[in-house]
Protein chains: 2
Amino acid sequence: MVNTDRLRQITDAVREAGSLGVGDLAALTGASEMTIRRDLETLAAQGVLERFRGGARSLLVRGEEPPFALRAQEGVEAKRRIAADVAGLIADGETVVLDSGTTCLEVARALRGRRITVLPLSLPAVNALADGPGRTALLVPGGRPRPGEGALTGPLTLASLAALRFDTAVVGCCGLTAEQGLTAYDLDDAAVKQAAIRAAQRTVAVADGAKLSRTAHAFVAPAGALHTLVTDATAPRSEIAALGAAGVAVRTV
Amino acid sequence: MVNTDRLRQITDAVREAGSLGVGDLAALTGASEMTIRRDLETLAAQGVLERFRGGARSLLVRGEEPPFALRAQEGVEAKRRIAADVAGLIADGETVVLDSGTTCLEVARALRGRRITVLPLSLPAVNALADGPGRTALLVPGGRPRPGEGALTGPLTLASLAALRFDTAVVGCCGLTAEQGLTAYDLDDAAVKQAAIRAAQRTVAVADGAKLSRTAHAFVAPAGALHTLVTDATAPRSEIAALGAAGVAVRTV
DNA sequence: TGTTTAAAACACAATCGATGTTCGATATGT
DNA sequence: ACATATCGAACATCGATTGTGTTTTAAACA
């Protein structure tokens, strides 16, 4: 794996300045220009930025989420703890639909080898569960993987969800407040989350604390639709209280 | 990757003897017992053999195909050549459904970055196409991945295929003769292949020479249903002639 | 055509993965 | 229940792969 810190540095710097030259980035990061070019190639493949002769310009709009590969590195500790707690909420023999996103990917890793049936809604989660020991029954939904993200969306995904029922849906989110409910950045993604919640008897939301004071563009479900929320200690107390009042069982790990 | 030669050696030895002890296998391969145990764990996860205290017994029945991980290593050269030829048969802008199997996996690699739409019917092929440059439109079918193989089968897969139409189907096979047609080892797999052929206007079969004198258990389609066959120089001439007479355009690479 | 930038080829270094050894835990047989 | 054998975990080591830098060659822009 390439140096993630440097990729993040480049992403931030280019977003900040709008566009930057290869030489500037080399000076900023201390790496050689060749390495910068390879990094730009990587980031361009993720849709983070666009290359032009001499440098690159950012494609990230203010308010949009950073790319998957970078998000996956942030707050790994908290995500692992959240994932472990969620795994404890799942009983053997259950059928589970598992949302896309970095936190849910950690949940997938925590569920490896468990004697359950899982339908993961993203390719990284599928891969995390695919080559494990044979006790886990794995189902793959159809869909179009979003570049970089691997999140499966579209009519095929919705059709797969419409054909199935689950005991538990584990959904991630981009924003969650008691007032605005659960929200996502991507419209297609939001539709998939809705279908997942609809197909399951119980909905467990996962969200690190930063998500709880944020609202994204696409509405998914009111807070009352969630049975349980697993979050971490950085979550604002007022929001936890409000969600509790809305009927959500909040677990702080 | 672990030493594939040793895995093959173990697989063959255990199949030959029915069951063998860890010490015997260590002596045979020259590896330590710990390594043998790790190998047995790997092979057991692939369904090749069953472990018991002190050794392992084979689960491979005569006539069944060896596990995916081992097949993928055999005749790589020929498969690459076949795959390259198939890639040449696909025009830009086409929609393609790509079967499971090791040869089709090579086709997936040969198609990376091409400006086409692909629906791969196995997880390894999905992964081979997933992180490539963004020009390839990737669709994932639903289904249950077969352990070790990653081939997607079952109702979700058939439903995905029923909802789509393609210009070209690239199908692998376990056996192919002019008389018996295209055959597969697995019934579910055969059903998927049938659906793929039905969903496509043109069917391109890929098969190394060894397949052309073999017949597997599950019938998929008569030879006449194939428009093109890409095989290698080891294919028996008589069979090539018979397939040609059945209306198949045979390409030998 | 001259200059700058990108890409390819090669060399080096750091990291990761596979293998082996040791040791404690567990199962088997008498 | 005890003795013995086997298994799995932890650690160390070796080798291979991958990332990085440098140099050279090709391509793009003025």
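Since we're looking at a predicted model, the values are computed, not measured.
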> Over how many whole Å does the gap from B:L25 atom CG to D:dT6 atom C1' extend?
Replying inline: 14 Å

> Does C:dT19 have OP1 or OP2 sitting under 4.0 Å from an N or O in the side chain of B:T35?
Replying inline: no

>> Can you give me the closest heavy-atom contact between B:L98 and B:A108, atom names plus distance?
In response: CD2-CB, 3.5 Å

> Tell me: CD1 of B:I36 to C1' of D:dG8, nearest whole Å?
Replying inline: 16 Å

> How many Å lie between CZ on B:R37 and P on D:dT6, as a whole number?
Replying inline: 8 Å

>> For the CD atom of B:Q9 and the CG atom of B:L28, what is their distance to the nearest 0.5 Å?
In response: 5.0 Å

> Picking from D:dG21, C:dG20, D:dC7, which would you name as closest to the side chain of B:A31?
Replying inline: C:dG20

> Heavy atoms under 4.0 Å, any strand shown: does A:G21 hit a base, just sugar-phosphate, or nothing?
Replying inline: nothing

> How long is the line joining CZ of A:R53 and P of C:dT4, in whole Å?
Replying inline: 11 Å

>> Rounded to whole Å, please give me the gap between CD in B:E33 and C1' in D:dA9.
In response: 16 Å

>> Between P on D:dG21 and CZ on A:R6, what's the gap in Å once rounded to a whole number?
In response: 7 Å

>> What's the closest nucleotide to the side chain of A:R51 if the choices are D:dG21, C:dA6, D:dC7?
In response: C:dA6

> How long is the line joining CD1 of A:I10 and C1' of D:dT20, in whole Å?
Replying inline: 13 Å

>> Measure CE/B:M34 against C1'/D:dT6 and give the value in whole Å, please.
In response: 11 Å

